[in-house]
Amino acid sequence: MMSLMQALNEFLGTAGVELFVFLVAFLAHALVFGKRRLALKPKAKEAPEVFRVEREAQRCSEKKNTSGRAGLLSQSDDRAVEERDDRAAQLADEVATIKRLARKEQLSTALAYFQGLSPQQPALYVAMIETCAECNDLAAVQQVWEEAKAAGFLGRSVQTAVLKASLRIGKTQQAVELLHEMRKTDGLKLSASTFNELLDSLAKGETGWEDAWLLVDEMKTSELRPTNVTCSILLKRIQKGSRALDVEKALAVVNGVPKEEVDEVLLNCVCEACIRAARSDLLLQQLERHQGSTCLQIRGSHTFGSIIRAHGVVGNLAGVWKTWKEMRRRHVTLTSITLGCMVEALASNHSVEAGYELIRETLRDPETRQLVNAVIYCSVLKGFCHEKRFDRVWSVYEEMLQEQVQFSVATFNALLDACARSGEMYRAEPLLKEMAEQSIQANIVTYSTVLKGYCIENRVDKAFGLMQEMKLNTEVKADEVMYNTLLDGCARCCLWEKGMSVLSEMRKQGINPSNFTLSVLVKLANRCKKPVDVAFNLCQDLCQTFCLRPNIQVYNNLIHVCTNQRQLQRALDVFGTLLSERVRPDSRTYALLLRGCVQGGAAQEAVDLLCLAVGLRQQKGAVAGKLNVPAAMSKMLFSGPSGATCAKLPSHGIPQELLTEVLEFLSSHKASGSQAGKEQLLGLVRQLRSAPGVSP
DNA sequence: TTAGGGTTAG
């Protein structure tokens, strides 16, 4: 070959050789693929489903043709191929017609058309069964299946279609029984991929979880291990409010896939699912599992984007940058979404300026300029807004106008939020006008944000007026967040009656209060100086009615009600309750309680609380005086944190100022009590001063 | 011979 090339080279020159090689390659290609290429339809890409069935049909007729052609001479091959192609095209048309009718939900027309077709093919049965499923008609599915059986079409494609149809209609139990029957009578053996298809066709929604687990169990019974795809499909089900049990179970299935087999898409799904479920604990585990994995080569900007987002969510800024740099090093093509993930990760981790600089950098390069959009800018706007750097918000806004960024409703909402948080609602008016000029409709977030702005400026009447106007003039319906905001406005202005009427309106509209509502209501009772019992009863009633379990914010506000009314013991009881309910106290819990102790001259309780906060264990009998703390609290003091809940705060959890105040109080208080008691107390104060996280 | 993927606002 080489000598031939050399000879040619001498004869024709380099360009000539290239031309020759090209011609040979072209002819060979035409010879091999010419016919097939003609048989392919360009619309295949647009309609993959039809194409799939078409190919299947092609396969079937291919089989028939080969068997029928066995004894024929090769000259007739061309005609056979042509016939086959014609038949395939016809079948594709028939399938398309059935599907078209399905989309119009004309099931009976589709059925009539199907029955008029001859000869029948498995692909047609499959299309018809899918159509019945799309129209949610299980009886029709069964009818077509009976017909298929009667006609002798019992192939796997038809069986799978029936199973998928039953699952889609939500009859999982029936599908599983059918599966058992097929396994017994027809020896049906499904592959992992078919199981995955079945899993993916399950009815969506929370109720579908049990069905999903049923299928996963079936897979195991068939001695098949869940694959990457199985896991991805399961993870796709995880949504914002998914049950913790299901989330954990799904991740357990993921962990069943050997680490070296995990691929990009699965890692991507894992990140996204954990983020959606707000389970940074599980996310952290997963990120650690794949940290520095050499088996998994990430190529897609999809995956890089998700991993960056994941690191951002768990607050790992170093991980964010590391992933970004790795992506750049590998020259992965940057997309708007990946850039969006990066800027959001930076902006939500106290690196807003760095996020902004990344935008500038992207804009400077003419190659990447067009990647910057309003979504990306929005992360920066939000970041500056939350850091209360409103001057930066407005300068970035000006820049967005200059760069002619296309605004969306989210962009305007972010800007309106800046007006609200900065207490500069006069800025909102021109923004709303601008929105109208750009024909961007205000949505629930817009109204809610403006409402919040009025409440922050204590203009509750304006807020109520806006709510009224929204009800009268728009289709937007007030939601829980909006009612909570309005309730908060009432609390700020000590409007008890008005607040109560908002609550009853909320309930009348069928909007359930949440823990957030509860915490605002307690705050309202507090600001309105209602008796302590009013707040407690309100909580108890709503918790019972709406199956709520108070969170730390609710407990904190209850503690505040008690300490405000000089009922330290009751505040400590609330603390005991939250500990026994395994709710983790935060720095505000301790701040409220410690201030209550200083106020009430309760030195011993203050020491106990500080010990708990910094994780200092006490020895039984070491404490002076008679303990006046709830059982749950003393149990933790003596035995240390047990179970899932820990009373200890992360280091620096108590503000320095407060700590100084409490320690000063304790020093001045040590003169009282017995001699032994004084010394114990002094010893503890010394220990506290040297405890980790407490500066001297 | 099949099946799975990402950004912003109250």
Side-chain angles (χ1 to χ4, degrees), chain A residues 48 52 55-56 59 156-157 160 164 190-201 226-237 254 257 262-273 275-276 298 300-310 312-313 335-345 347-348 355 371-383 385-386 400 405-421 431 435 440 442-456 476 478-486 488 516:
Chain A
R52 194 167 36 112
R55 266 185 318 204
E56 211 167 302
R59 237 190 12 255
R156 220 192 61 187
S157 65
T160 313
K164 275 167 83 173
L190 293 184
S191 62
S193 54
T194 313
F195 264 111
N196 292 336
E197 269 188 277
L198 295 181
L199 199 57
D200 200 37
S201 58
T227 67
N228 278 328
V229 181
T230 319
C231 295
S232 307
I233 296 170
L234 283 174
L235 292 171
K236 205 167 59 169
R237 301 191 80 85
V254 172
V257 176
V262 171
D263 69 2
E264 259 196 271
V265 179
L266 179 53
L267 185 57
N268 194 336
C269 294
V270 166
C271 291
E272 295 303 326
I275 294 171
R276 280 198 301 275
I298 299 166
S301 71
H302 254 104
T303 323
F304 276 111
S306 290
I307 296 175
I308 288 170
R309 218 159 82 84
V313 167
T335 67
S336 275
I337 297 178
T338 316
L339 181 65
C341 292
M342 181 62 187
V343 174
E344 171 65 19
S348 55
L371 294 178
V372 176
N373 58 26
V375 178
I376 300 169
Y377 263 116
C378 212
S379 294
V380 168
L381 286 176
K382 186 181 77 171
C385 182
H386 284 217
M400 288 172 79
V405 177
Q406 187 71 50
F407 282 40
S408 74
V409 64
T411 327
F412 278 107
N413 290 343
L415 291 166
L416 287 167
D417 190 46
C419 304
R421 283 174 195 260
L431 282 173
M435 256 179 105
I440 293 175
N443 62 13
I444 182 85
V445 181
T446 319
Y447 279 104
S448 174
T449 310
V450 176
L451 194 86
K452 184 181 75 173
Y454 289 142
C455 288
I456 287 176
V476 184
D479 67 355
E480 191 215 315
V481 181
M482 213 157 168
Y483 282 113
N484 289 344
T485 311
L486 210 50
D488 194 57
F516 197 103

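The analysis underlying the following values was restricted to heavy atoms, covering all of them including side chains, and did not include hydrogens, waters or symmetry mates. Proteins get letters first, then strands, A, B, ... in listed order; numbering begins at 1 in each.
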[atom1] of [X] versus [atom2] of [N]: gap in Å, rounded?
{"X": "Asn268(A)", "N": "dG5(B)", "atom1": "CG", "atom2": "P", "answer": "9 Å"}
{"X": "Asp263(A)", "N": "dG4(B)", "atom1": "CG", "atom2": "P", "answer": "13 Å"}
{"X": "Leu339(A)", "N": "dG6(B)", "atom1": "CG", "atom2": "C1'", "answer": "13 Å"}
{"X": "Phe407(A)", "N": "dT7(B)", "atom1": "CZ", "atom2": "C1'", "answer": "17 Å"}
{"X": "Leu416(A)", "N": "dT8(B)", "atom1": "CG", "atom2": "C1'", "answer": "14 Å"}
{"X": "Leu266(A)", "N": "dG6(B)", "atom1": "CG", "atom2": "P", "answer": "13 Å"}
{"X": "Asn373(A)", "N": "dT8(B)", "atom1": "CG", "atom2": "P", "answer": "11 Å"}
{"X": "Tyr377(A)", "N": "dT7(B)", "atom1": "OH", "atom2": "C1'", "answer": "16 Å"}

**Stepwise side-chain hydrogen bond (donor to acceptor under 3.5 Å, both in side chains) test for Thr446(A) and Thr449(A)** = CA-CA 5 Å; Thr446(A) 319; Thr449(A) 310; over 6 Å; no

So which nucleotide from [options] ends up closest to the side chain of [X]?
{"X": "Ser301(A)", "options": "dA9(B), dA3(B), dG6(B)", "result": "dG6(B)"}
{"X": "Val229(A)", "options": "dT8(B), dA3(B), dG10(B)", "result": "dA3(B)"}
{"X": "Arg276(A)", "options": "dG5(B), dT8(B), dG6(B)", "result": "dG6(B)"}
{"X": "Thr449(A)", "options": "dA9(B), dT8(B), dG10(B)", "result": "dG10(B)"}
{"X": "Ile337(A)", "options": "dG4(B), dG6(B), dG10(B)", "result": "dG6(B)"}
{"X": "Arg309(A)", "options": "dT8(B), dA9(B), dG4(B)", "result": "dT8(B)"}
{"X": "Glu264(A)", "options": "dG10(B), dA3(B), dG5(B)", "result": "dG5(B)"}
{"X": "Cys269(A)", "options": "dT7(B), dT8(B), dG5(B)", "result": "dG5(B)"}

With sugar-phosphate meaning primed atoms plus P, OP1 and OP2, does [X] contact a base, only sugar-phosphate, or nothing at under 4.0 Å between heavy atoms?
{"X": "Ile444(A)", "answer": "base"}
{"X": "Ser232(A)", "answer": "base"}
{"X": "Leu381(A)", "answer": "nothing"}
{"X": "Thr335(A)", "answer": "base"}
{"X": "Thr446(A)", "answer": "nothing"}
{"X": "Asp417(A)", "answer": "sugar-phosphate"}

Would you say the side chain of [X] and the base of [N] hold a donor-acceptor pair, judged only by whether the two atoms sit under 3.5 Å apart?
{"X": "Asn228(A)", "N": "dA3(B)", "result": "no"}
{"X": "Asp479(A)", "N": "dG10(B)", "result": "yes"}
{"X": "Thr338(A)", "N": "dG6(B)", "result": "yes"}
{"X": "Ser448(A)", "N": "dG10(B)", "result": "yes"}
{"X": "Thr303(A)", "N": "dG6(B)", "result": "no"}

**N/O (side chain, His386(A)) to phosphate O (OP1/OP2, dT8(B)) under 4.0 Å** = no

**Item:** Presence of salt bridge, Asp200(A) and Lys164(A), under 4.0 angstrom
**Value:** no

**Request:** Decide side-chain hydrogen bond (donor to acceptor under 3.5 Å, both in side chains) for Asn268(A) and Ser306(A); before the verdict, give the C-alpha distance in whole Å, the side-chain angles of both, and the deciding distance to 0.1 Å.
**Result:** CA-CA 6 Å; Asn268(A) 194 336; Ser306(A) 290; 2.5 Å; yes

**Request:** Decide side-chain hydrogen bond (donor to acceptor under 3.5 Å, both in side chains) for Thr160(A) and Ser157(A); before the verdict, give the C-alpha distance in whole Å, the side-chain angles of both, and the deciding distance to 0.1 Å.
**Result:** CA-CA 5 Å; Thr160(A) 313; Ser157(A) 65; over 6 Å; no

**Message:** Are the side chains of Arg421(A) and Lys452(A) in contact, using a 4.5 Å heavy-atom criterion?
**Reply:** yes

**Request:** Report the C-alpha distance between Glu344(A) and Arg309(A) in whole Å, list the side-chain angles of each, state the deciding distance to 0.1 Å, and finish with yes or no for salt bridge (Lys or Arg N to Asp or Glu O under 4.0 Å).
**Result:** CA-CA 8 Å; Glu344(A) 171 65 19; Arg309(A) 218 159 82 84; over 6 Å; no

